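I have a structure I would like to understand better, so I am pasting it below and will then ask my questions one at a time.
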Amino acid sequence: MRVGIALFYLLFLSFFTTTASAQSWELKLDQDGIKIYTRKKTGSGVKEFRGEVIVNSNLSTILALIDSIPAYPKWMYKCTYAERLKKINQASGYSYNIIKAPWPVSDRDVCTYYYVKQDTSSKVVTITMKGVKDYIPEKPGIVRMPKLIGFWELTPIKKGVTKVIYQLHCESGGSIPEAIVNAYITDTPYHNLLNLKKIVESPYHPKANMKLVKEL
């Protein structure tokens, strides 16, 4: 009996260790002050990414940029079109993006529900995003991304300095090989964070003061 229990324990420990290892973050890119990590996602062949950067800007200015959905094509990687489908209130709503894919692959689009909240003690702002595949009808010639879940996290370090985390996992849909998707998975978070940093740190970019969040 003791041998059986010991064997079960060893098998359980081995399984737990393997699972934890498979889901641990691996640093894939460290450039321009931006760190990009990836990890395997349970039940998916497409990896999840996590990008981190420190920017010299306040919470409101960063949030205002992320909330300006129609302007996404100006700075979000491969985004050719974006609109706010519905604004529920100041903190939540639905958005729609089209992402350019290289020929001969069809472009992708995604409908997303987003929700903004702030921790009252730490002042950390989180913008949670979740794909809602059937919110609007699919468009001819564009493949709807079936799954998306992620968030932006804005952590104030000190007055005028913020740590930005951008984490996302999505399924591209269609017939793109998962190995191809994973080969380029660091491109989106790197370019999005680099462009965000350049914009909010520019002396010509207006500083925001949003009532939705409180600064340090």
Side-chain angles (χ1 to χ4, degrees), residues 25 27-38 48-85 87-100 110 112-130 148-170 185-216:
W25 291 107
L27 180 63
K28 288 293 186 179
L29 182 67
D30 188 350
Q31 185 176 323
D32 300 314
I34 300 167
K35 292 184 178 181
I36 307 296
Y37 303 82
T38 66
E48 183 177 24
F49 68 68
R50 178 186 178 94
E52 302 178 357
V53 68
I54 304 287
V55 300
N56 296 312
S57 183
N58 64 352
L59 296 171
S60 288
T61 302
I62 301 167
L63 179 59
L65 179 65
I66 297 172
D67 188 57
S68 300
I69 295 171
Y72 282 4
K74 296 180 180 180
W75 66 277
M76 279 203 167
Y77 187 64
K78 299 293 186 180
C79 180
T80 60
Y81 179 81
E83 68 172 300
R84 194 188 314 270
L85 296 173
K87 189 168 187 175
I88 299 172
N89 51 45
Q90 288 297 111
S92 63
Y94 292 86
S95 65
Y96 173 77
N97 296 18
I98 298 178
I99 299 94
K100 182 68 176 176
V110 60
T112 307
Y113 169 76
Y114 66 88
Y115 178 75
V116 182
K117 66 177 181 179
Q118 183 177 39
D119 184 90
T120 54
S121 58
S122 67
K123 300 297 187 291
V124 173
V125 175
T126 306
I127 306 104
T128 303
M129 303 170 289
K130 184 177 181 180
L148 180 147
I149 188 165
F151 61 85
W152 292 88
E153 184 179 273
L154 316 178
T155 302
I157 305 300
K158 60 182 180 180
K159 187 174 181 180
V161 180
T162 305
K163 180 178 182 180
V164 180
I165 294 177
Y166 176 39
Q167 184 170 320
L168 192 74
H169 177 262
C170 60
I185 201 164
T186 61
D187 289 356
T188 295
Y190 169 73
H191 287 288
N192 284 355
L193 289 174
L194 181 64
N195 291 337
L196 180 147
K197 180 177 173 67
K198 287 180 178 179
I199 291 170
V200 299
E201 290 186 347
S202 169
Y204 304 106
H205 185 72
K207 303 303 178 185
N209 183 18
M210 300 185 72
K211 295 181 179 179
L212 189 60
V213 298
K214 295 185 181 298
E215 307 286 346
L216 283 180

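Since the model is a prediction, treat every value here as computed from it, not as a measurement.
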Legend entry - Side-chain donor-acceptor pair present, Tyr77, Asn195, cut-off under 3.5 Å: no
Legend entry - Test side-chain contact (heavy atoms from CB on, under 4.5 Å) applied to Lys28 and Phe49, step by step: CA-CA 10 Å; Lys28 288 293 186 179; Phe49 68 68; over 6 Å; no
Legend entry - N/O donor-acceptor pair under 3.5 Å between Thr61 side chain and Ala208 backbone: yes
Inset, instruction - Look only at the side chain of Lys197 and the backbone of Ile54, and say whether a donor-acceptor pair between them is shorter than 3.5 Å. - result: yes
Inset, instruction - Taking Lys163 for its side chain and Val55 for its backbone only, find out whether a donor-acceptor pair lies under 3.5 Å. - result: no
Inset, instruction - Using modelled atom types only, decide if a donor and an acceptor are shared between the side chain of Ser68 and the backbone of Ala64 within a distance under 3.5 Å. - result: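 Flag set: sc Ser68 to bb Ala64 pair under 3.5 Å.
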Inset, instruction - Answer yes or no: does atom CD of Glu83 have more than 12 heavy-atom neighbours from other residues, nucleotides or ligands under 6.0 Å? - result: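 Yes, enclosed.
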In residues 209-216, what donor-acceptor pairs under 3.5 Å come from side-chain atoms, sequence neighbours left out?
unit_1 : atom_1 : unit_2 : atom_2 : d
Glu215 : OE1    : Leu59  : N      : 3.1
Glu215 : OE2    : Leu59  : N      : 3.4
Glu215 : OE2    : Ser60  : N      : 2.9
Glu215 : OE2    : Ser60  : OG     : 3.0

Inset, instruction - Examine distances only and state if a side-chain atom of Asp32 and a backbone atom of Ile34 form a donor-acceptor pair shorter than 3.5 Å. - result: no
Legend entry - Residues Tyr115, Ile88; criterion side-chain contact (heavy atoms from CB on, under 4.5 Å); working and verdict: CA-CA 10 Å; Tyr115 178 75; Ile88 299 172; over 6 Å; no
Inset, instruction - For the pair Ser202 (side chain) and Tyr204 (backbone), establish whether a donor and an acceptor sit closer than 3.5 Å, ignoring hydrogens and angles. - result: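 Yes; judged by distance alone, with no hydrogens or angles, the pair exists.
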Inset, instruction - Evaluate whether atom NZ of Lys87 has more than 12 neighbouring non-hydrogen atoms of other residues, nucleotides or ligands under 6.0 angstrom away. - result: yes
Legend entry - Greater than 12 external heavy atoms within 6.0 Å of Lys198's NZ: no
Inset, instruction - Give the ring-plane orientation class for Trp75 versus Tyr72, where under 30° counts as parallel, over 60° as perpendicular and anything between as tilted. - result: perpendicular
Inset, instruction - Give me the one residue out of Tyr94, Tyr96, Tyr114 that meets side chain to side chain donor-acceptor pair (under 3.5 Å) with Arg84. - result: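 That would be Tyr114.
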Legend entry - Evaluation steps, side-chain contact (heavy atoms from CB on, under 4.5 Å), between Lys78 and Thr188: CA-CA 8 Å; Lys78 299 293 186 180; Thr188 295; 5.9 Å; no
Inset, instruction - Would you confirm whether Gln167, through its side chain, and Phe151, through its main-chain N or O, come within 3.5 Å as a donor-acceptor pair? - result: no
Legend entry - Test side-chain contact (heavy atoms from CB on, under 4.5 Å) applied to Leu154 and Ile127, Thr126, Asn58, Ile165, the passing residue: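 Output: one option passes, namely Ile127.
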Inset, instruction - Indicate yes or no for a side-chain donor-acceptor contact from Thr162 to the backbone of Ser57 under 3.5 Å, with no hydrogens or angles considered. - result: yes
Legend entry - Donor-acceptor under 3.5 Å (Glu201 side chain, Asn56 main chain):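 Yes.
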